[in-house]
Amino acid sequence: MSQNPIAETIASLMPRAKAELTELVAFQSVADWAQFPKSESEGAANWVADALRAEGFQDVALLDTPDGTQSVYGFLPGPEGAPTVLLYAHYDVQPPLDDDAWVSPAFELTERDGRWYGRGAADCKGGFIMHLLALRALKANGGVPVAVKVIVEGSEEQGTGGLQQYAEAHPELLAADTIVIGDAGNFRLGLPTVTATLRGMTLVKVKIDTLGGNLHSGMFGGVAPDALAALIRLLDSLRSADGSTTVDGLASDAVWEGLQYPEADFRADAKVLDGVGLIGEGTIADRLWARPAVTVLGIDCPPVIGATPSVHASAGALISLRVPPCVDTAEAIKLLEAHLIAHTPWQAKLELEVVGQGQPFQADTSSPAYASMAAAMQVAYPGQEMQVSGMGGSIPLCNTLTSLYPEAEMLLIGLSEPEAQIHAVNESVSPEELERLSVAEALFLVNYAESKRA
């Protein structure tokens, strides 16, 4: 990376960044108190608040959000007349899943093969460190040219919407001219990328009951309706033979225009086993960024070990539906519920509960903020032009902010490139990517401030 004063400063700050990320990763901040102590999330929130205070932020506060978690807010005044930029990250993380599958402990930042491993290293504790690096570099090189608001969420991974509800109740708090969401990632390691679209999502719990209690499969099997078999048939109705998502009435033929995702790259990124086919039809980008996707996240049924020869009276599942851009999530939920009701076999008793939802998002890539970021990324990534991609995941807050502040520009960047393996075991972050994106964010703030003065 060609050096300039900001880049040189950030390079000098990387050892400190590693030490701080080590401290932050150590908090087991999974926002599910049934799995991890609430004190772990509270510790992470206080760490973030202390970091903001140390950087001179004012009005630093732990916001008690309606879902029982805390988001951290701070405000850094800028020069008179300067625009305000909101920087977002989240400190909560996914659970580590299989501890034994981690090469090094999930909550101990560990350097290996040039990457830093640990839960949240990329998603999204590293995103908060990125914001700190950018601001520190600016302070060391003439000052921060904009007013800055920082909001660090405590329950993004759970999808329980606490920060969205808080923002809606306090609409003045996060108002800004431009919003930088530090929870996305480059399309490929070393390829500067902004994310222009996100799929929305919903989580639906399904429960099927057929009998007053389990029955002996020899005495009753073949006639008595098996709730587990009914659930399997119901879940299978959500996919066609080629694996495409099929929710009655929900379009699944949209086409993605723009950056494409080569199949060989996707197979490598997703670690698809040799000889195993991909599901769905259309380009990878079509399927991943422009179309709906159903995933069965879990099933309540007896495990193989300890199973008895029984016809099951009850069975349940948790279903995720990713909702494509330009589709209203509320309408998609109605279609999903109607589909599940219509496809439940044998007049089985069906219970449905929506336990999480978020709207899809589509940014305006023609805005001045995008031009400022493109110029910044060309400096941070010499010889590379900024790419615009979609993302199959969801960040429900984006639509809340768009609704509250329709004039605000919004950019999504971050550290979650494919090698980061976010949400999986052995999540990691590239320190080089952290360094380059911190440079890009700092230069963006300079460029953006200048564009507003022009």
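Because only heavy atoms are used, hydrogens play no part in the values below, and waters and symmetry mates are left out as well, while side chains stay in.
Separating the OH atom in Tyr91 from the CD atom in Gln70 is a distance of 5.5 Å, to the nearest 0.5 Å. To the nearest 0.5 Å, atom CG of residue Asp32 and atom OG1 of residue Thr160 are 9.5 Å apart. Of the inter-residue distances, the one linking Asp177 atom CG with Glu407 atom CD reads 10.5 Å to the nearest 0.5 angstrom. Atom CG in Leu76 sits 6.5 Å away from atom CG in Leu135 (nearest 0.5 Å). In this structure, Tyr88 OH and Leu163 CG are separated by 6.5 Å, a value rounded to the nearest 0.5 Å. For the atom pair Leu173 CG and Glu168 CD, the distance stands at 13.0 Å (nearest 0.5 Å).
Summarising the geometry of Glu441 relative to Ala134, their closest heavy-atom pair is OE2-CB, 3.6 Å, with the distance given to 0.1 Å. The two residues Gln384 and Pro192 come nearest to each other via the heavy atoms CB-CD, 3.6 Å. Looking at every heavy atom in both residues, Asn4 comes nearest to Ala7 through OD1-N, 2.7 Å. Here the shortest heavy-atom pairing between Ala369 and Leu411 reads CB-CD1, 3.6 Å. What you find for Leu273 and Arg267 is that their closest heavy atoms are O-NH2, 3.3 Å. Listed here is the closest heavy atom pair of Pro325 and Leu198: CG-O, 3.9 Å.
Checking side-chain atoms of Thr69 against main-chain N and O of Thr65 turns up no donor-acceptor pair under 3.5 Å. Looking at Thr246, its side chain does come within 3.5 Å of a backbone N or O of Arg239 through a donor-acceptor pair. Side-chain N or O atoms of Ser237 include one that pairs as donor or acceptor with a backbone N or O of Leu234 at under 3.5 Å. Judged by distance alone, with hydrogens and angles left aside, the side-chain atoms of Asn426 form no donor-acceptor pair with the main-chain N or O of Tyr117 at under 3.5 Å. Panel note: side chain Asp67, backbone Gly162; a donor-acceptor pair is recorded below 3.5 Å. Judged by distance alone, the side chain of Lys125 and the main-chain N or O of Leu24 form a donor-acceptor pair under 3.5 Å. Between the side chain of Thr210 and the backbone N or O of Pro225, at least one donor-acceptor pair lies under 3.5 Å. Of the possible polar contacts, none joining the Arg322 side chain to the Leu288 backbone as a donor-acceptor pair under 3.5 Å is found. Listed for the Lys149 side chain is a donor-acceptor partner under 3.5 Å among the backbone atoms of Ala175. Under a 3.5 Å cut-off, the side chain of Gln260 and the backbone N or O of Gly258 do form a donor-acceptor pair.
A side-chain hydrogen bond (donor to acceptor under 3.5 Å, both in side chains) with Gln359 is found for one member of Asp328, Asn399, Thr202 and no other, namely Asp328. Each of Asp286, Asp269, Thr283 was scored for a side-chain hydrogen bond (donor to acceptor under 3.5 Å, both in side chains) with Tyr261, with one residue passing: Asp269. None of Asp265, Val388, Leu259 except one satisfies the side-chain contact (heavy atoms from CB on, under 4.5 Å) rule with Phe187; the exception is Leu259.
The aromatic rings of His339 and His343 sit parallel to each other, their planes meeting at less than 30°, with 60° as the upper class boundary.
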side-chain contact (heavy atoms from CB on, under 4.5 Å) between Leu297 and Leu203, intermediate numbers included: CA-CA 9 Å; Leu297 303 182; Leu203 297 174; 3.5 Å; yes
Take Ser430 and Glu432 through the side chain to side chain donor-acceptor pair (under 3.5 Å) test and state the conclusion after the steps. CA-CA 5 Å; Ser430 161; Glu432 290 79 11; 3.3 Å; yes
side-chain contact (heavy atoms from CB on, under 4.5 Å) for Leu238 and Thr245? Distances and angles first, verdict last. CA-CA 6 Å; Leu238 294 168; Thr245 292; 5.8 Å; no
Given Glu427 and Trp102, is the side-chain contact (heavy atoms from CB on, under 4.5 Å) satisfied, shown in steps? CA-CA 9 Å; Glu427 176 185 344; Trp102 284 77; 4.0 Å; yes
Take Phe36 and Ser41 through the side-chain contact (heavy atoms from CB on, under 4.5 Å) test and state the conclusion after the steps. CA-CA 9 Å; Phe36 291 88; Ser41 290; over 6 Å; no
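Here the side chains of Thr193 and Met377 are not in contact, with every heavy-atom distance at 4.5 Å or above. Between Met391 and Ser416 there is no side-chain heavy-atom pair separated by less than 4.5 Å. Residues Ser252 and Ser244 fail the side-chain proximity criterion, which asks for heavy atoms closer than 4.5 Å. Side-chain contact between Ser451 and Asn447 is absent, with no heavy atoms from C-beta onward closer than 4.5 Å. No side-chain heavy atom of Glu156 sits under 4.5 Å from any side-chain heavy atom of Cys124. Contact annotation: the side chain of Trp256 never approaches that of Arg287 to less than 4.5 Å [non-hydrogen atoms, C-beta and beyond]. Residues Ile299 and Leu231 are in side-chain contact: their nearest non-hydrogen atoms beyond the backbone lie under 4.5 Å apart. The shortest distance between side-chain heavy atoms of Met130 and Ile413 falls below 4.5 Å.
Defined by atom type and a distance below 3.5 Å, a donor-acceptor pair is present between the side-chain atoms of Ser314 and Asp209. Inspection of the Tyr381 and Glu433 side chains reveals an N or O donor paired with an N or O acceptor under 3.5 Å. Defined by atom type and a distance below 3.5 Å, a donor-acceptor pair is present between the side-chain atoms of Thr178 and Tyr448. Of the N and O atoms on the side chains of Ser367 and Glu409, at least one donor lies less than 3.5 Å from an acceptor on the other residue.
In Gln347, the CD atom is not crowded: 12 or fewer heavy atoms of neighbouring residues, nucleotides or ligands sit closer than 6.0 Å. In Lys205, the NZ atom is not crowded: 12 or fewer heavy atoms of neighbouring residues, nucleotides or ligands sit closer than 6.0 Å.
Here Lys349 pairs with nothing under the salt bridge (Lys or Arg N to Asp or Glu O under 4.0 Å) rule; sequence neighbours left out.
Ionic pairing of Arg291 and Glu281 is present here: one or more N-O contacts between side-chain nitrogen and carboxylate oxygen are shorter than 4.0 angstrom. Salt bridge Glu417/Arg115: present, at least one basic N to carboxylate O contact under 4.0 Å. Ion pairing between a basic and an acidic side chain is recognised when a charged N comes within 4.0 Å of a carboxylate O; Glu40 and Arg119 show no such pairing.
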